[in-house]
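Take a look at the structure set out below.
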Amino acid sequence: MSLWGGRFIKEPDRFFKIFNRSLNVDYKLVKQDIFLSIQWSKALTKVNVLTLEEQKKIEFALNAILKEVEINSKIILESQEEDIHSWIEKKLISSLGSLGKKLHTGRSRNDQVTTDLKLWCKCNIKKILNSVNNLKKKLINLAEKNQKSIMPGYTHLQSAQPITFAYWCLAYLEMFKRDESRLKDALYRLDENPLGSGALAGTAWKINREELSINLGFRTATKNALDSVSDRDYVIELLSTASISMIHLSRFSEDLIFFNSGEVNFIELSDSVTSGSSLMPQKKNPDALELIRGKCGKVCGNLISNMILLKGLPLSYNKDMQEDKKNLFETIEIWINCLKMSVLVLENITVNLKNCRKSAQKGYTNATELADYLVKKGMPFRDAHDITGKIILYASKLNLSLEKIELKVFKNYSNLIEKDVYENISLNSSLKKRDALGGVSFSQVSKMIELEKKFLNM
Ligand code: ARG
């Protein structure tokens, strides 16, 4: 019989039982639910619902259940129970008899499930932060090694201005730093304990909820039971942080797929993260990156799914909420795996210095330099832009780079152009000049790398 069978005369329909069951998803909360139950038994002792001796017995039995699960986790899924809370309580009752039936005093599965879920989130946020950190370190290492790897930077996927591979790495570093900060914010906000909220209006026992919260490892207790049992903001917040981070990872993947393409050839991905074609022997496909890019869809979809799940739900708990865990668990798993895979991809990457440089020299990435040069000589920027455009038109017809144009030809466009134009439009000078904070200059990049290394104790 289910834990709520008392007022029912008829047995539930078999199909309804299966439909209603969440055990195959929420079994993942077993550790959290046992930990929570032990802390709850201690709180019940303080309000004289349990004697100290009874509490010890409950704690011992709960720990024994945990051991059993650790040895063989399959035992949970072999059962027909509705959810993990019912499964643990049933196990406790079968081991302690009547005493086991006392544990649920003053609590509800409504405050229990959200407390479990928050505990699970807290533990997993720590894992994600660790994975983000690994990726950040890898990017910094790669940046440090590639400070001189000049390549074109793009806008509209058209060569725009020269950058370095190191600078590209640091751009993604900034994105992952923001993800990290979003995660920490989310962690702070969710770090409030709902246990002791009962079904929706608070518990009828004089539980010291502040103390219970500390024992459960929370920063503080939630302040309104009605909100506490219906709040799933933290799930949405985590899924949204995951979605933004996966969007970053998908852009990162796309950049690398482009850099690795035969046409561009700035990098070569290692054999260890690519696969071949069953038909075309020449192929080395960037599968790992394509999969990261693809999995982003699932993560964003799960966010939307959970937002719509909550939209318009009346207070307080509704069974709809049971559906939120599958998406959350799936998202966190995908996210951690993609972070790990990204580290692996970067670990074995080769940067083709020559190709990067050659490409930066093509595509008129130094056109802005020529315009700036004219400005330095006194021409208003708009005119300089126009004249440079005309020079580019001339050069592109002849397939000439700007450096190859003779001085007398330059002079046809503007008398302000002198011999010193050549050093002004070189790749190195373009990079060197961008020395304001956040710019691509070698010295800015190396300062950033040093700063980040210090920050991460590298
Ligand atoms: N399995 C449920 C969930 O995941 C637990 C809470 C059930 N509460 C209830 N009143 N039926 O949401």
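In each ligand, atom 1 is the first atom listed, and ligand 1 is the first ligand listed.
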Note to self: With a 6.0 Å cut-off on the ring centroids, do Trp87 and Tyr27 count as close?
What the structure shows: no
State the atoms of ligand 1, each with its element, that fall below the 4.0 Å cut-off from a heavy-atom position in [X].
{"X": "Asn110", "answer": "8 (N), 9 (C), 10 (N)"}
{"X": "Gln322", "answer": "1 (N), 2 (C), 3 (C), 4 (O), 12 (O)"}
{"X": "Asp83", "answer": "1 (N), 2 (C), 5 (C)"}
{"X": "Ser22", "answer": "1 (N)"}

Item checked: Partner of Glu237 under side-chain hydrogen bond (donor to acceptor under 3.5 Å, both in side chains), chosen from Arg182, Arg232, Arg189 -> Arg189
Next item on the list: Identify the protein heavy atom lying closest to atom 11 (N) of ligand 1, giving its residue, its atom name and the separation to 0.1 Å.
Entry: Arg109 NH2, 3.6 Å
Item checked: Shortest protein contact, atom 12 (O) of ligand 1 (heavy atom only) -> Tyr317 OH, 2.5 Å
Item checked: Arg109/Glu82 salt bridge by N-O under 4.0 Å criterion -> yes
Next item on the list: Could you tell me whether Glu369 and Arg434 make a salt bridge, using a distance below 4.0 angstrom between a side-chain N and a carboxylate O?
Entry: yes
Notebook entry, point to check: Hey, does the Lys NZ or Arg CZ of Lys122 hover above the aromatic six-ring of Phe218, less than 6.0 Å from the centre and inside 45° of the axis?
Noted result: yes
Note to self: Return the CG to CZ distance between Leu269 and Phe259, rounded to the nearest 0.5 Å.
What the structure shows: 11.5 Å
Margin query: Just to be sure I read this right, does ligand 1 sit under 4.0 Å from the backbone of Lys325, its side chain, both, or neither, counting only heavy atoms?
Written below: side chain
